[in-house]
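Just so we're on the same page: letters track the sequence lines, and every chain starts at 1.
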Amino acid sequence: MLGTVRRFGVSQALRATAPRSVSARFATQLPKWQAPSALSSLAATRSLHSSFPRLSAATAEAIVEETESTKPAMITEFSDLASDNLIHNTIIKNIIQPDRMNLKTMTEVQSLTLHEIVKGDDILAQAKTGTGKTLAFLVPTLQNILNDPTVDVSKVGRRSARPRTGPSEIRALIISPTRELAEQIAVEARKVAFGTGLVVQTAVGGTQKRAGLAKIQQEGCHLLIGTPGRLKDILSDPWTGVSAPKLNTLILDEADRLLDQGFAPDVEEIQGMLPDPTKVDRQTLMFSATVPREVMQMVRQTLKPNFTHVNTVREDEVPTHVRVPQKLIYTRGLENNLPALLELAQNWQARRDNGEELRPFKAIAYFNSTAETKVSADAFNAIARSSEFRQSSMRNMRMLEINSRLSQALRTRSADNFRKAREGILFSSDVTARGMDFPDVTHVIQVGVPRDRETYIHRLGRTARAGKEGEGWLFMHPAEQDVYRKRLGRLPLKVDTVLESANADLSQTFSNDTPVGKIVNQINEGLAQCDGATKVKSYMGQLGTATGNFNSKREAIQALNQMFTVGYNMPTLPELSPRLMQQMGLNRLDGVSAGDGSRQRRDGGFSRGGDRGGFSRGGDRGFSRGGDRGGFSRGGDRGERGGFSRGGDRDGFSRGGDRGERGGFSRGGDRGDRSSRPPRRSFDDDSFRF
DNA sequence: AAAAAAC
């Protein structure tokens with residue numbers, strides 16, 4: 001049952017026990033077995049495991065037997081935390097009272113980290129998704145703030161309404177990789193801290209900076225939770241008055257994510273704004289379900305040399321839950337993804353209609369690009385508006401969308417609505433992949449191979465939380481198989497063939513007589529109501545991932561082209577500029593529609609297509625839906641007509657004649673005003689408006 | 001051109 005607790009540099013730790021102010025402060029409150037002299041006995045590696053996160057009485061006994069000679073039983077009930085004066089009564093009450101958080105038994109990661117954190121140790125804690133990591137760091141951290149003699153939680157003002165604290169009283173800082181996760185942690189923290197006088201604040205992007213600042217300035221702050229950008233912004237600006245000179249604890253939630261390429265510089269910068277750890281002693285806590293080998297070096301650099309590694313996931317074990325069936329669906333083409341998704345939902349609903357005792361269908365569908373997320377959500381929303389759908393037993397399913405290109409207000413609304421929803425589908429990018437706790441998610445469906453193994457594991461972890469059931473599905477094109485094996489490694493996925501529409505040839509016309517035909521036609525109607533420009537964005541968005549995911553770029557383009565023409569029912573392929581093609585290492589033999597990009601600009605997104613200027617159209621390209629097309633061999637034709645050299649001669653893409661014909665459209669790179677591109681496009685930008 | 005994250 002117990003995970004591994006490894007101490008690093010134990011001899012060092014023994015030598016250094018006395019001077020550390022944090023541990024000294026709590027020495028009297030620690031149970032005897034936790035006294036420094038017992039450290040060496042804790043160094044033993046324990047290796048009992050279970051997939052069930054809660055400690056049962058039986059296993060607790062086993063632990064006692066195993067370790068009785070060295071120390072008493074580990075605390076497994078929240079109520080027992082009162083006995084040693086370890087945790088404040090108010091906090092315990094908040095946790096266990098039925099009208100509050102209503103929790104009883106601690107999870108493994110919670111009971112294994114609590115003492116270490118209260119003691120002031122640096123910790124790396126690894127535990128499976130949905131096993132209560134958030135509470136594991138919140139409870140002891142809030143307790144540590146309460147224990148700090150320099151913290152004043154008494155109130156001032158009329159009716160003692162205002163805590164006696166200020167914006168520079170921050171004792172603990174939690175960094176989260178996404179805004180929604182930061183907010184979620186804050187909600188949890190406020191529940192734990194209720195009635196203690198401790199003040200919890202957030203600092204995330206997409207919100208009004210001034211309002212957030214004013215709140216911190218007026219109410220003060222003991223625990224600040226935020227995302228890297230806004231934290232940097234606030235902490236670096238001396239005018240805000242928000243600072244952390246007395247910081248005791250720094251917490252990196254989803255630590256491996258925060259230490260990877262994308263976030264590490266920001267996190268380091270934030271650390272640079274905090275007091276010098278050699279002058280003000282500070283504890284650093286890292287939590288995640290995954291800690292890939294590559295980031296372990298970063299972990300060691302960031303933590304003290306004598307940090308404790310609490311690992312409840314065995315080294316040779318996949319950090320997913322054994323109770324979660326994981327199914328792999330091979331799709332005939334990328335255009336089969338949405339029909340397969342609809343079929344999955346309908347199958348489940350049909351079984352419920354037949355009286356099977358199944359929970360309401362509450363699924364998250366993950367996509368690898370934001371624009372694909374949007375097309376899919378739009379299509380399903382259109383389907384949900386149809387009278388057929390509204391008269392079916394599916395009518396209560398909510399179709400929701402969330403990704404970073406939506407305004408923060410819409411993101412928050414989607415997340416809240418999905419949290420509350422009894423049944424529905426959340427069409428999501430990886431914003432929700434980590435840490436988000438949507439109750440009762442029954443299905444996690446990953447459309448396309450995710451960017452890495454960790455992403456797969458965290459996405460899957462949105463289901464089967466807190467001991468509940470759930471299932472995972474991965475929709476994959478056969479040409480993604482190589483990268484699937486290489487990138488995801490060993491995972492307990494089983495090939496499944498129940499979804500008929502995953503394998504249907506969608507270039508045919510279907511009648512509504514068959515279940516598959518009905519599904520395909522529903523999807524077609526849904527997609528018909530989507531904006532063409534959005535479909536172009538989706539194609540472009542998937543271009544990046546698909547060319548990296550497929551066995552070859554050629555196969556990726558072919559699959560995308562077919563998805564675009566057959567699935568999206570679009571007449572003309574999006575044109576790729578020579579510059580983009582060069583960047584992606586594509587040539588026209590790969591089957592792309594090569595252009596200089598001017599058409600998309602001129603048309604404002606290419607939605608109508610068809611008969612524009614006779615440019616880059618094969619005669620039969622139009623609306624015919626031959627499955628054998630996929631835009632292949634067109635590139636060559638065009639090349640010939642234009643009289644350009646073919647075959648790997650990328651320089652041949654400067655197509656002076658063509659440009660001249662179309663009225664001397666100057667190319668992007670040449671124009672001074674385009675040289676400084678906006679750092680990031682959003683759905684609100686012209687460049688990315690759908 | 002591919003998640004996320006500050007104005």
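At least one side-chain nitrogen or oxygen of Thr370(A) sits closer than 4.0 Å to the OP1 or OP2 atom of dA3(B). Residue Arg179(A) places at least one side-chain N or O closer than 4.0 Å to OP1 or OP2 of dA6(B). Under 4.0 angstrom from either OP1 or OP2 of dA4(B) there lies no side-chain N or O belonging to Arg411(A). At the phosphate of dA6(B), OP1 or OP2 sits under 4.0 Å from a side-chain N or O atom of Thr227(A).
Within a heavy-atom distance below 4.0 Å of DNA chain B, no residue of residues 476-485 of chain A is found.
Distance CG (Asp233(A)) to C1' (dA6(B)): 6 Å, rounded to an integer number of Å. Per the geometry, CD belonging to Glu180(A) stands 12 Å off C1' belonging to dA3(B), to the nearest Å. In this structure, Asn549(A) places its CG atom 13 Å from C1' of dA1(B), rounding to the nearest Å. Atom pair Asp253(A):CG and dA5(B):P shows a separation of 14 Å (rounding to whole Å applied). Regarding Met540(A), its CE atom lies at a distance of 13 Å from the P atom of dA3(B), rounded to whole Å. If you take CG of Asp256(A) and P of dA3(B), they are 19 Å apart, rounded to a whole angstrom. Counting to the nearest Å, the P atom of dA3(B) and the CZ atom of Phe427(A) are 17 Å from each other. Between Glu269(A) atom CD and dA6(B) atom C1' the separation is 11 Å, expressed in whole Å.
Ring-plane geometry between Phe367(A) and Phe427(A) is classed as parallel, the angle between the planes falling under 30 degrees on a 0 to 90 degree scale with a further cut at 60.
Applying side chain to side chain donor-acceptor pair (under 3.5 Å) to Asn549(A) and the options His477(A), Arg487(A), Glu555(A) leaves one that passes, Arg487(A).
Residue Asn368(A) is classed as a sugar-phosphate contact, given heavy-atom separations below 4.0 Å to backbone atoms only. Contact annotation for Gly206(A): backbone-only contact, meaning every heavy-atom pair under 4.0 Å involves sugar-phosphate atoms and none involves a base. Counting any heavy atom pair closer than 4.0 Å across all strands shown, Leu580(A) reaches a base atom. Here Gln583(A) lies in heavy-atom contact (under 4.0 Å) with a base.
Residues passing the ring pair (Phe, Tyr, Trp, His ring centres under 6.0 Å) test with Tyr366(A), sequence neighbours excluded: none. When the side chain to side chain donor-acceptor pair (under 3.5 Å) test is applied to Arg485(A), no partner is found at least two apart in sequence or on another chain. Scored by the side chain to side chain donor-acceptor pair (under 3.5 Å) test, Asp416(A) finds Arg419(A) as partners (sequence neighbours excluded). The side chain to side chain donor-acceptor pair (under 3.5 Å) check on Asp430(A) picks up Arg451(A), Arg459(A), with sequence neighbours excluded. Listed by chain and residue number, nothing satisfies the side chain to side chain donor-acceptor pair (under 3.5 Å) test with Lys327(A) (two or more places apart in sequence, or in another chain).
No donor-acceptor contact under 3.5 angstrom links the side chains of Thr373(A) and Asn403(A), judged on distance only.
You'll find that the side chain of Lys232(A) is closest to dA6(B), out of dA5(B), dA2(B), dA6(B).
For Arg434(A) against dA3(B), a side-chain-to-base donor-acceptor contact under 3.5 Å is absent.
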